[in-house]
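No hydrogens, no waters, no symmetry mates; every other heavy atom, side chains included, goes into these values. None of these values were measured; they are calculated from a predicted model.
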Amino acid sequence: MGGVGEPGGGRGPGAPLPTFRWEQIRPHDLPGDKWLVIERRVYDISRWAQRHPGGSRLIGHHGAEDATDAFRAFHQDLGFVRKFLQPLLIGELAPEEPSQDGAQNAQLVKDFRALRQAAEDMKLFEASPAFFALLLGHILAMEVLAWLLIHLLGPGWVPSTLAALILAISQAQSWCLQHDLGHASIFRKSRWNHVAQQFVMGQLKGFSAHWWNFRHFQHHAKPNIFHKDPDVTVAPVFLLGESSVEYGKKKRRYLPYNRQHLYFFLIGPPLLTLVNFEVENLAYMLVCVQWADLLWAASFYTRFFLSYVPFYGVPGALLLFVAVRVLESHWFVWITQMNHIPKEIGHEKHRDWASSQLAATCNVEPSLFIDWFSGHLNFQIEHHLFPTMPRHNYRRVAPLVKALCAKHGLSYEVKPFLTALVDIVRSLKKSGDIWLDAYLHQ
C-alpha cells in the first residue's frame, strides 16, 4: 500500500493509492479545503466544488464525511459521474479504517444499501410516461379552464373566485411536477429532465429551476440541519428545534417567539411564495446570471397578464395574481412542512444517510386524494431515502422501508393528515415555550 497520509499527486501509472485515516480526513472540512469519501476512496474537491452542477454548498455539506449513499441518491448514471471524480482522487481509506466515521451503525448502512439494490431490481426507479403525461395534461387543462371561466362568464366575483382556486391548484401541481423533474425522476437523461423542469418552473410558474435546485438539493442532503438546510434556517423570524434554547440563553428577543405559533398564520402561509420566494428567486437569477431562467420566468408573466388584463385591466389582473400566489403559498407551507417541522431540528450530527433522513421526516396516511393533493409528499420518508425514485412507486417501496426501520428500531412515523397539519402549530408553540423558559430562567 502507499504511505499513510501522502496525497496522490504525481503518482505513476499503476502505483498504489495513498491511504488515509479518518483522523487525517476530518480537518479537511473548511472553505477552500474540502475532502470527501465515496466508496472508500478519498477525493479532494477543494477547487472543483465551484464547478459542481449542484452547487458548491451541496457537495461541501458532505465535507470530511462518507458521502457514498448521498452520491448514489442524487445521481442516476453513476458511471458517468465517476469520470468527473477520477481526477480528484487522492487516496483511499486505510484497510483498518471503517467505511463510515464515528459511531454509526455499519449493519444499518449495509442493510439500507441492500434495500436500495432490491428497489433497483424491482425496477422502482423506472418512471411511467403515462403517469407524468397525465399530470402535465391536467395542469394544462386547469390553466385553460380558469381562462374559459372568465371568458365565458365574465370577471365577476364568483367566476373570479373559482378561477383563482383552479389556478392555485394548477400552481400547486406544477410545484410537484417540477419537483419530480428536478430530481431527475422522469426521464432517463438528466438533460431532458432539466429542460422540462425549466419549462414547468419557468413558463408555468414564473420561477427559476436553478434557484429551486440550489436550495432544495441542500434540504435533501442535510434535512433539518441548521445552516445546511435552507428550509429550517429561518431564525430570527421563527425559532425551530435547538435554536429555541440557544436564543433563550443568549437573551435574544427580536420577536415575541412565545407567540410565533400565532404570527405564523400572518406571515408564514400567506406570504412565502408571494414575497419571500419571489424576491429570493429574482435575486438568484440576477446575481447568478441565469438569463435563460429569467426569460422563462418572463414568459410566464407575459402569458398571465396578456390572458387576464383584457378582462380585468392591470390592477384587476395584479389582484388575481396576488390571490393565486397567496392561495398557492398556503398549500406550499402546509404540505411541505407537515413532514419536517415537527421532527428533530438542530445542528449537524454526522449520521449515516438513512438515519439522517428518517430523523427529519415522517409520513402522512395515504389515500388517492392525499397522494394527488400533496404530490405524493405524504410519502416523505421514501422520497428522502430515494429522491430520484418516481413518486408513483413510493407505495411499493414503503413496506421494505418499514421492515428496515423495524429491524433496526428506527421510527417510521405515519400520521393522519389533519394531525400532521396541527403538529406544525404545536411544534412552533413548543419551540416558543422552550425559548421563553430559557430566556427567563437561564
Exercise for the section: Classify the ring geometry between Phe217 and His183 as parallel (under 30°), tilted (30 to 60°) or perpendicular (over 60°). Expected result: tilted
Practice task
Give the C-alpha distance, both sets of side-chain angles, the deciding distance and a yes or no for side-chain contact (heavy atoms from CB on, under 4.5 Å) between Phe417 and Met338.
Solution key: CA-CA 9 Å; Phe417 179 62; Met338 65 182 179; 3.9 Å; yes
Exercise for the section: Would you mind reporting whether Ser160 and Tyr312 have side-chain heavy atoms less than 4.5 Å apart? Expected result: yes
Practice task
For side-chain contact (heavy atoms from CB on, under 4.5 Å), just list the numbers for Glu382 and Arg396, CA-CA rounded to whole Å, side-chain angles, deciding distance to a tenth of an Å, and then say yes or no.
Solution key: CA-CA 10 Å; Glu382 288 72 24; Arg396 293 178 62 193; over 6 Å; no
Problem - Exam field: side chain Tyr412 to backbone Ala403, donor-acceptor pair closer than 3.5 Å - result: no
Problem - Beyond-backbone contact of Tyr439 with Arg253, side-chain heavy atoms, under 4.5 angstrom - result: yes
Practice task
For Ser329 and Leu272, indicate whether the former's side chain and the latter's backbone hold a donor-acceptor pair under 3.5 Å.
Solution key: yes
Exercise for the section: List the atom of Trp435, the atom of Gly248, and the distance in Å for their closest heavy-atom pair. Expected result: CD1-N, 3.4 Å
Handout entry: Minimum heavy-atom distance Ala64-Asp29, with the two atoms named
Key = CB-CB, 3.8 Å
Exercise for the section: Inspect the surroundings of NZ in Lys251 and state if more than 12 heavy atoms from other residues, nucleotides or ligands are less than 6.0 Å away. Expected result: yes
Practice task
May I ask you to test the Phe304-Leu320 pair for a side-chain heavy-atom distance under 4.5 Å?
Solution key: yes
Practice task
Give, for atom CG of Leu115 and atom CG of Leu400, the distance between the pair rounded to the nearest 0.5 Å.
Solution key: 5.0 Å
Practice task
Establish, from distance only, whether the side-chain atoms of Asn193 and Gln197 form a donor-acceptor pair under 3.5 Å.
Solution key: no
Problem - Shortest non-hydrogen contact from Leu177 toward Arg391 - result: N-NH2, 4.1 Å
Exercise for the section: Determine the interplanar angle of the His392 and Phe132 rings, folded into 0 to 90°, and report it as parallel if under 30°, tilted if 30 to 60°, perpendicular if over 60°. Expected result: tilted
Practice task
Decide ring pair (Phe, Tyr, Trp, His ring centres under 6.0 Å) for Phe238 and Tyr257; before the verdict, give the C-alpha distance in whole Å, the side-chain angles of both, and the deciding distance to 0.1 Å.
Solution key: CA-CA 7 Å; Phe238 295 103; Tyr257 297 119; 8.6 Å; no
Exercise for the section: Answer with yes or no after comparing the ring centroid distance for Phe207 and Trp212 against a 6.0 Å cut-off, counting only values under it. Expected result: no
Problem - Side-chain touch Ile424/Val333, heavy atoms, less than 4.5 angstrom - result: no
Handout entry: Side-chain (Lys228) to main-chain (Glu348) donor-acceptor, under 3.5 angstrom
Key = no
Exercise for the section: May I ask you to decide whether Arg395 forms a salt bridge with Asp371, counting only side-chain N to carboxylate O separations under 4.0 Å? Expected result: yes
Practice task
Look only at the side chain of His61 and the backbone of Lys222, and say whether a donor-acceptor pair between them is shorter than 3.5 Å.
Solution key: no
Practice task
Please work out which of the three classes, parallel, tilted or perpendicular, describes the rings of Trp372 and Phe369, given edges at 30° and 60°.
Solution key: tilted
Exercise for the section: Would you tell me whether Ser170 and Glu143 have side-chain atoms, one donor and one acceptor, within less than 3.5 Å of each other? Expected result: yes
Problem - Candidate pair Asp352 and Ser355, rule side-chain hydrogen bond (donor to acceptor under 3.5 Å, both in side chains), full reasoning - result: CA-CA 6 Å; Asp352 62 86; Ser355 296; 2.8 Å; yes
Exercise for the section: Decide whether Asn393 and Glu126 meet the rule of one side-chain donor and one side-chain acceptor closer than 3.5 Å. Expected result: no
Practice task
Would you indicate whether the side-chain heavy atoms of Gln260 and Ser431 approach each other to under 4.5 Å?
Solution key: yes
Problem - SB check Arg351 Asp66 (cutoff 4.0 Å) - result: no
Handout entry: Heavy-atom side-chain contact between Gln171 and Val324 under 4.5 Å
Key = yes
Exercise for the section: Give the C-alpha distance, both sets of side-chain angles, the deciding distance and a yes or no for side-chain hydrogen bond (donor to acceptor under 3.5 Å, both in side chains) between Arg40 and Ser99. Expected result: CA-CA 6 Å; Arg40 295 191 62 84; Ser99 295; 3.0 Å; yes
Practice task
Locate the shortest heavy-atom distance separating Ala221 from Leu58; write the atom from each residue and the value.
Solution key: CB-CD1, 3.5 Å
Exercise for the section: Could you tell me whether Arg72 and Glu120 have a side-chain N and a carboxylate O separated by less than 4.0 Å? Expected result: no
Handout entry: Plane angle bin for His383 and His216 - parallel if under 30°, tilted between 30 and 60°, otherwise perpendicular
Key = parallel
Practice task
Please indicate whether Lys110 has more than 12 foreign heavy atoms, meaning atoms of other residues, nucleotides or ligands, lying under 6.0 Å from its NZ.
Solution key: no
Exercise for the section: Tell me, with the steps shown, if His210 and His194 meet ring pair (Phe, Tyr, Trp, His ring centres under 6.0 Å). Expected result: CA-CA 9 Å; His210 286 92; His194 181 62; 4.8 Å; yes
Handout entry: Ring centroid separation His330 to Trp334 under 6.0 Å
Key = no
Practice task
Check the angle between the aromatic planes of His220 and His384 and answer parallel, tilted or perpendicular using the 30° and 60° thresholds.
Solution key: parallel
Practice task
Check the pair Trp211 / Phe277 against ring pair (Phe, Tyr, Trp, His ring centres under 6.0 Å), numbers first and verdict last.
Solution key: CA-CA 10 Å; Trp211 161 76; Phe277 277 8; 5.1 Å; yes
Handout entry: Whether Asn339 side chain and Cys362 backbone form a donor-acceptor pair below 3.5 Å
Key = yes
Handout entry: Side-chain donor/acceptor of Trp22 to backbone N/O of Pro98, under 3.5 Å
Key = yes
Handout entry: Cationic N near anionic O, under 4.0 Å, Asp77 to Lys189
Key = no
Practice task
Inspect the surroundings of CG in Leu152 and state if more than 12 heavy atoms from other residues, nucleotides or ligands are less than 6.0 Å away.
Solution key: yes
Exercise for the section: Check whether any side-chain heavy atom of Met142 sits under 4.5 Å from a side-chain heavy atom of Ile169, and report yes or no. Expected result: yes
Handout entry: Donor-acceptor contact present, side-chain Glu242 to main-chain His347, <3.5 Å
Key = yes
Practice task
For Arg82, look at atom CZ and say whether over 12 heavy atoms of other residues, nucleotides or ligands are found less than 6.0 Å away.
Solution key: yes
Exercise for the section: Over all heavy atoms of both residues, which pair between Gln76 and Phe187 is shortest? Give the atoms and the distance, please. Expected result: NE2-O, 3.3 Å
Problem - Short side-chain donor-acceptor distance under 3.5 Å, Arg303 and Gln203 - result: yes
Practice task
Answer with yes or no whether the side chains of Asp423 and Ser427 bring together a donor and an acceptor at under 3.5 Å.
Solution key: no
Practice task
Just say parallel, tilted or perpendicular for the rings of Phe311 and Tyr308, cut-offs at 30° and 60°.
Solution key: tilted
Practice task
Answer yes or no: is there a side-chain heavy-atom contact under 4.5 Å between Ile45 and Trp35?
Solution key: no
Problem - Pair Asp111-His408, side-chain hydrogen bond (donor to acceptor under 3.5 Å, both in side chains): steps then yes or no - result: CA-CA 10 Å; Asp111 289 346; His408 291 278; 2.7 Å; yes
Exercise for the section: Using modelled atom types only, decide if a donor and an acceptor are shared between the side chain of Ser356 and the backbone of Trp353 within a distance under 3.5 Å. Expected result: yes
Exercise for the section: Indicate yes or no for a side-chain donor-acceptor contact from Gln173 to the backbone of Ser374 under 3.5 Å, with no hydrogens or angles considered. Expected result: no
Exercise for the section: Report the distance from atom CG of Asn363 to atom NZ of Lys415, rounding to the nearest 0.5 Å. Expected result: 10.5 Å
Exercise for the section: Supply the atom-to-atom distance Asp229 CG to Thr233 OG1, rounded to the nearest 0.5 angstrom. Expected result: 6.0 Å
Problem - Any donor-acceptor N/O pair, His75 side chain to Leu78 backbone, under 3.5 Å - result: no
Handout entry: Distance-minimising heavy-atom pair for Gly182 and Asn213
Key = CA-OD1, 3.8 Å
Problem - Check ion pair Glu246-Arg252 (N to O, under 4.0 angstrom) - result: no
